[in-house]
Structure formats: C-alpha cells, structure tokens
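First the structure, in the form of structure tokens, and then the observations on it.
Basis for what follows: all heavy atoms, side chains included, without hydrogens, waters or symmetry-related copies.
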Amino acid sequence: TNSVVGLSDGDVSVGSGDTPLHNLHQVLLRFGASGALDVYNGTDYSADTVIKYQAIQYDFRLVVDVPGKKYAAYVSWKGQPEVTLGTNLAFRSSAAVPTKFDHWGVESVAPNNTKVCGFVAQAN
C-alpha cells in the first residue's frame, strides 16, 4: 500500500501546510508497495527481517534515542514473538533535527491503513 506511520517534532499534519507528510517525519514505519514492512534509515527504507504484511493488526515498538538521532523498530502480531525490523537506524536526514517527538501521523494511499490506535509514548 506504500503507507507510513511517522513520528515528528512538531505538527506536520495536513493543516501545517507541509506536504508530503512522509518527508517531514524523522522516524517512519512503512507498509511498502512491495508487500513488506520496512523502516526508514537515514536516506532509504530497509528491514533486517523481511515480513510480508497482511490485513491484520500489528503491534510496533520503537526505541528512540533523540540526542543520538537513532532508533530501533520492532513488530509483533497475532501473539507471535517480537521481530526486529531494524536497530541503530538513523532519523530521516532530510527532515528537521528533532529535540523531542510530540506528534505522530499516518499517511496512506490505501483507505484500510488509516486507523492507528492504542498509540502510547513512554520515556525511559
């Protein structure tokens, strides 16, 4: 579907005047057009493990190091163990350098990827 869920420092929603939204999020998870899940790493998408997605619920976990400008991404589904999508991932290089992550958003080209629920942020 080529749809993304992203984290940003500040509002980059449609109302902010900036588009496309995926260019402004520093951390991105993607349901790629190839049919696989991947994550953004500095300048391109990749994944440590190829996971072909289905029309089911996924649970993503991100571990974000704001000062280090790095993150790790994990996914699980249907009671399966968590799988690593990537570690030591760089924030999107073309987006503004963040000092915090206070917004998240979904950009979807398919109507069935617009629902994100249960989003929780925790500081360590």
Side-chain angles (χ1 to χ4, degrees):
T1 67
N2 205 27
S3 301
V4 298
V5 177
L7 300 179
S8 64
D9 181 350
D11 185 10
V12 297
S13 66
V14 175
S16 71
D18 295 313
T19 56
L21 303 180
H22 65 268
N23 286 340
L24 302 172
H25 285 94
Q26 291 91 352
V27 172
L28 292 156
L29 304 164
R30 181 174 73 168
F31 292 80
S34 68
L37 297 172
D38 52 22
V39 288
Y40 208 79
N41 187 11
T43 59
D44 203 5
Y45 288 94
S46 63
D48 287 356
T49 306
V50 176
I51 299 170
K52 295 288 189 180
Y53 59 82
Q54 307 166 41
I56 60 172
Q57 178 178 321
Y58 290 93
D59 295 309
F60 294 97
R61 182 171 66 93
L62 301 172
V63 178
V64 181
D65 175 3
V66 176
K69 301 180 185 102
K70 299 281 183 186
Y71 71 105
Y74 308 90
V75 64
S76 61
W77 64 96
K78 290 186 175 181
Q80 296 299 308
E82 191 173 76
V83 176
T84 302
L85 290 172
T87 59
N88 202 33
L89 302 162
F91 293 171
R92 184 179 197 82
S93 59
S94 62
V97 176
T99 58
K100 64 190 176 321
F101 286 105
D102 58 359
H103 285 75
W104 62 275
V106 177
E107 183 177 19
S108 179
V109 296
N112 50 341
N113 267 20
T114 58
K115 185 175 180 182
V116 174
C117 55
F119 190 92
V120 177
Q122 275 184 290
N124 283 340

Would you find a donor on one side and an acceptor on the other, under 3.5 Å apart, between the side chain of [X] and the backbone of [Y]?
X	Y	value
Ser93	Gly42	yes
Asp102	Gly10	yes
Asp9	Phe101	no

Could you note down all residue pairs passing side-chain hydrogen bond (donor to acceptor under 3.5 Å, both in side chains) where residues 63-92 supplies at least one of them, sequence neighbours left out? Asn23-Arg92, Tyr40-Arg92, Arg61-Glu82, Arg92-Ser94
Out of curiosity, does Val5 fall in the hydrophobic cluster containing Ile56 (side-chain heavy atoms, cut-off under 4.5 Å, transitive links)? yes
Could you give me the CA-CA distance, side-chain angles and deciding distance for Gln26 and Leu7, then say whether side-chain contact (heavy atoms from CB on, under 4.5 Å) is met? CA-CA 6 Å; Gln26 291 91 352; Leu7 300 179; 5.9 Å; no
side-chain contact (heavy atoms from CB on, under 4.5 Å) for Tyr45 and Val39? Distances and angles first, verdict last. CA-CA 5 Å; Tyr45 288 94; Val39 288; 5.8 Å; no
Tell me the closest heavy-atom pair linking [X] and [Y], and the distance in Å.
X	Y	result
Ala36	Val50	CB-CG1, 4.3 Å
Ile51	Val83	CD1-CG1, 3.5 Å
Phe60	Leu85	CE2-CD1, 4.0 Å

How long is the span from the OG atom in Ser8 to the CG atom in Leu28, to the nearest 0.5 Å? 9.5 Å
Could you check Leu29 against Leu62 for side-chain contact (heavy atoms from CB on, under 4.5 Å), going step by step and ending with a plain yes or no? CA-CA 10 Å; Leu29 304 164; Leu62 301 172; 3.8 Å; yes
Verify side-chain contact (heavy atoms from CB on, under 4.5 Å) between Val64 and Phe91, making sure each step is shown before the conclusion. CA-CA 10 Å; Val64 181; Phe91 293 171; 3.8 Å; yes
